[in-house]
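Structure first, then comments.
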Amino acid sequence: MIYFISNQQRTQYIGDVKFEVKEGKNDYIKTSTIEECLEYFKDTEEIGVDTETTGFDPYRDRILSLQLGDFNNQFVIDSSIDFTIFKELLETRVILGQNLKFDLRFLYKLGIHPKKLYDTFLAECVLTTGFTERGLGLKDLGLKYCNVELDKSIRGVIHKEGLTDRVIKYGADDVKYLSTIKEKQLLEINKWGLQNILDLENEVLKVFSLMEYNGIPFNPTKWIEVSEQVEKNTKELEDKLDTLIYQLGTKDLPNINSITKYCNIWKQGSLFFDIKERDCNINWASPAQKLKLLRDLGFKLESVGDKDLQRNKSKHPIFNLLIEYSKQNKLATSFGKDFLKFINPVTKRLHPNYWQILSTGRISVSEPNINQIPAHGELATKIRSAFEAPEGYKIVGGDYSGFELRIIAEFSQDPLWLQAFREGGDLHSILCSKTFDIPIEDVKKSFPGKPEFKYRDVQKTINFGLAYGMSEFKLADTMQISVEEAKGIIAKFFSVVPKVKQFLDMLGYSGRTRGYIRTPEPFRRIRWYQNWEKAYKESDSKVLGEIERASKNMPIQSTNANVIKLAMIRVQDVIDKNNYPVQIIMQVYDELQTLCKEEFAEEWKTILERIMIESAQEVIKSIPVVADCKISDCWSK
DNA sequence: TCCACGGGCGCG
DNA sequence: AAAGCGCGCCCGTGGA
């Protein structure tokens, strides 16, 4: 049965005619009261919850209706009711919902903070990680688990139509099937041993919801300062490139009679260069145009990517200009003034979207993507300084040190790799000395005859690269050596750390032969390869190779992601239990940043660091884990 | 004018 | 046959 709770007249439509009625014309909808609703849920442990809202922003939009229910009965409560009446109920029961992050932000706005969550959307993500053709919407889940066709056609018109019978029915259906979906999902979850990872996701859900709701403090003045500098740099470099082309056209291209002729060869009908105006029509942001030009000038390049430009930079001054231009242009476009559109007009903060589960278990962030803010180079510090704590607050946070390398140590149990972390030595240097048979004091020296390659840097490339399934071809390309030489280096390296090789080979074999790969205990996340079956039958080496390399990396990357999620749960838990004046504001792979009241910052830094380390040691048991936290006014390394 | 695609590059 | 993993964003390109 569907119950409707409201303090106002119901809106009804017959055709296009709108009128108010007290009781709907369909007898499956009854009017009810708050008291009846609270009484109904008095002894239930779990409640299906959904909201309809006027939009996506909890600060500018509002809840139109709140739906609470189970399979037998659903209550549709309209916005004439003060929803905070349900605070106690919602904060003590298990809240069952589909993509709850959306609803939670609106409940937070009302001061309602549900604690125990089960999200059918996240459960489906956990069950189908890696599949590209999967249905994650409630409509898909209704069909898959309940064989019921849920009507979604109405979404988006509720605001106009009002709470008519069909809108109420639709709202009620959105909570009616949740428990059935959950029960059937749990059968699959248990069958695959995914309970731990599902619990982790359902718990960290509220942290991501809070992060989206709270947002990130941002100082636009500082951002604009850097943007203007970068824009200026970009324009100057464009001018320099144009001038260079002018000089090339008049002097360095004797085989081309005039730049006009060259231009006509290059692009029919439109001049890219006007000698009189000294105006060059080349779009320096166009890879195709750049490549064509450089090839016409006689350079052999495969692309105009940084790697190819770097290799040619001694041959002509245009390469250094192009390298620098690409960098500045990237900063100007991706991190320029356009970025300011993401500032929420109400909170003046950034409120990015979080996608909680990608194929390895990492998250992704968008609008804006806070996980790709520049971190290297001289402008990075300035750019990041725009992420600034307000007056009276500090940014407290930090990252795990060499975390993926520690994960490799734990899972491979390689003696040398373990020993390096146990003794606190520098892993890259230790392995470098053994791989290249040189004294450890010499690891920062260059290879004989190759001043641009230092032993330890190459070792770093190997340590990270091989964990991603890197081949001798890539190493040869990176180091500019022969494939044979590269092969030799890899063989030597793996003879130094045989158990690492064994571990990676095992992962690759596992993925290639089974079509899925999973994280070791305790989380046991699983990633499927949708294209595996076909590739396996057809012995498609290209696809199987991709699966093999991804499988070598997934448990490592995934464990990092699982651990930081565990840390987030525990950190938020401590904040909530103690009412600390702290907000988690960012998670950047192996880094957590919080916003903290200034007077609490010192104490908080110690607590945060401890929780991060303790969380990681739940998984990394053989060696110590290090987290470096610091207190600052703005986001910094 | 809109859209899909891919090169290129920002982060880890 | 191709050979380092995981993302999102910007822009140019080419077709509708």
Side-chain angles (χ1 to χ4, degrees), chain A residues 129-130 267 282-292 302-309 322-323 325-336 338-339 341-342 352-355 357-377 379-380 383-384 399-400 402-405 407-408 460-478 483 486-487 490 504 507-508 511 517 527 535 538-561 564 586-591 635 637:
Chain A
T129 299
K267 191 176 178 184
I282 291 184
N283 184 345
W284 298 107
S286 162
Q289 292 185 26
K290 275 188 281 196
L291 190 61
K292 179 77 173 83
E302 282 183 31
S303 80
V304 288
D306 188 64
K307 192 188 77 185
D308 290 73
L309 297 180
L322 285 173
I323 289 164
Y325 168 79
S326 298
K327 280 208 179 76
Q328 294 294 325
N329 189 48
K330 175 74 175 178
L331 294 178
T333 54
S334 291
F335 309 102
D338 218 26
F339 200 86
K341 70 182 176 214
F342 294 118
N353 305 317
Y354 295 93
W355 183 270
I357 306 171
L358 294 167
S359 59
T360 63
R362 269 193 184 175
I363 62 160
S364 76
V365 188
S366 64
E367 296 179 301
N369 182 355
I370 233 66
N371 285 8
Q372 60 176 168
I373 303 298
H376 316 290
L379 287 167
I383 292 172
R384 290 199 168 201
D399 61 0
Y400 289 112
F403 202 43
E404 291 203 346
L405 297 171
I407 293 167
I408 293 172
K460 257 178 99 168
T461 306
I462 296 173
N463 289 350
F464 287 111
L466 294 183
Y468 306 151
M470 187 172 73
S471 71
E472 59 265 35
F473 300 94
K474 176 71 178 177
L475 185 62
D477 187 52
T478 309
V483 172
K487 217 173 164 176
I490 292 172
L504 292 172
L507 294 178
I517 189 73
R527 175 189 179 172
E538 296 171 3
S539 300
D540 182 338
S541 308
K542 180 176 175 286
V543 173
L544 290 177
E546 287 164 5
I547 290 171
E548 189 173 311
R549 292 192 299 279
S551 300
K552 288 181 177 179
N553 179 249
M554 183 276 181
I556 300 164
Q557 190 180 117
S558 182
T559 297
N560 189 337
I564 197 102
M586 293 182 199
Q587 185 248 70
V588 192
Y589 310 107
D590 59 357
E591 170 187 358
W635 189 16
K637 273 277 160 193

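Below, read A as the first sequence line, B as the second, and so on, with proteins coming before strands; counting in each chain starts at 1.
- Contact annotation: A/Ser286 side-chain N/O to C/dT13 OP1/OP2 distance is under 4.0 Å.
- Distance from the side chain of A/Ser366 is smallest for C/dC9 among the nucleotides C/dA2, C/dC11, C/dC9.
- Rounded to a whole Å, the NZ atom of A/Lys290 is 11 Å from the P atom of C/dT13.
- Between A/Arg549 and C/dG6, a side-chain N or O to OP1/OP2 separation shorter than 4.0 Å is absent.
- Residues passing the salt bridge (Lys or Arg N to Asp or Glu O under 4.0 Å) test with A/Asp399, sequence neighbours excluded: A/Lys637.
- Mapping A/Ala550 and A/Phe473 onto DNA chain C by nearest heavy atom places A/Phe473 closer to the 5' end of the strand.
- Partners of A/Asp338 according to the salt bridge (Lys or Arg N to Asp or Glu O under 4.0 Å) rule, which considers only residues two or more places apart in sequence or in another chain, are A/Lys341.
- Regarding A/Asn463, its CG atom lies at a distance of 15 Å from the C1' atom of C/dC5, rounded to whole Å.
- Aromatic ring pairs are classed by plane angle as parallel below 30°, tilted from 30° to 60° and perpendicular above 60°; the pair A/Phe403 and A/Tyr400 is parallel.
- Distance from the side chain of A/Ala285 is smallest for C/dG12 among the nucleotides C/dG6, C/dG12, C/dG4.
- Nucleic acid contact for A/Ser541: base, since at least one base atom lies under 4.0 Å from a heavy atom of the residue.
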Determine which bases of DNA chain C form Watson-Crick or G-U wobble pairs with both distances under 3.5 Å, and write the result as a 5' to 3' dot-bracket string with | for other-strand partners.
....||||||||||||

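- A donor and an acceptor atom, one from each side chain of A/Glu367 and A/Asn353, are located under 3.5 Å apart.
- Following rounding to the nearest Å, A/Met586 (CE) and C/dC7 (P) show an atom-to-atom distance of 22 Å.
- Between the CD atom of A/Glu546 and the C1' atom of C/dG6 there is a distance of 14 Å, given to the nearest Å.
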The contact string for nucleotides 5-12 of chain B, one letter per nucleotide 5' to 3', using protein heavy atoms under 4.0 Å with B, S and - for base, sugar-phosphate only and none, comes out as ---BBBBB

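- One interatomic measurement links the two molecules: CD1 of A/Ile556 to P of C/dG6, which rounds to 12 Å at whole-angstrom precision.
- Evaluation of the salt bridge (Lys or Arg N to Asp or Glu O under 4.0 Å) rule for A/Glu302 yields no partner, not counting sequence neighbours.
- As a whole-Å value, the separation of A/Ile547 CD1 from C/dC5 P is 12 Å.
- As a whole-Å value, the separation of A/Ile407 CD1 from C/dC5 P is 18 Å.
- For the OP1/OP2 pair of C/dG6 and a distance below 4.0 Å, the side-chain nitrogens and oxygens of A/Ser364 include no atom meeting the criterion.
- The two residues A/Ile490 and A/Ser471 have their closest heavy-atom pair at CD1-C, 4.0 Å.
- Scanning for side chain to side chain contact (heavy atoms under 4.5 Å, CB included) contacts around A/Ile323 gives A/Asp306, A/Leu309, A/Gln310, A/Lys313, A/Asn320, A/Lys327, with sequence neighbours left out.
- Separating the C1' atom of B/dC5 from that of C/dG4 is a span of 23 Å, rounded to the nearest Å.
- For A/Thr129, the side-chain hydrogen bond (donor to acceptor under 3.5 Å, both in side chains) criterion is met by no residue, not counting sequence neighbours.
- Comparing the P positions of C/dA1 and B/dG8 gives a spacing of 26 Å, expressed to the nearest Å.
- Remark: A/Glu472 engages no residue in a salt bridge (Lys or Arg N to Asp or Glu O under 4.0 Å) (not counting sequence neighbours).
- At the heavy-atom level, A/Glu367 lies under 4.0 Å from the strands shown only through sugar-phosphate atoms.
- Rounded to a whole Å, the CD1 atom of A/Ile282 is 17 Å from the C1' atom of C/dT13.
- Considering only residues two or more places apart in sequence or on other chains, A/Asp540 meets the side-chain hydrogen bond (donor to acceptor under 3.5 Å, both in side chains) condition with none of them.
- Taking only side-chain nitrogens and oxygens, A/Thr360 never comes nearer than 4.0 Å to OP1 or OP2 of C/dC7.
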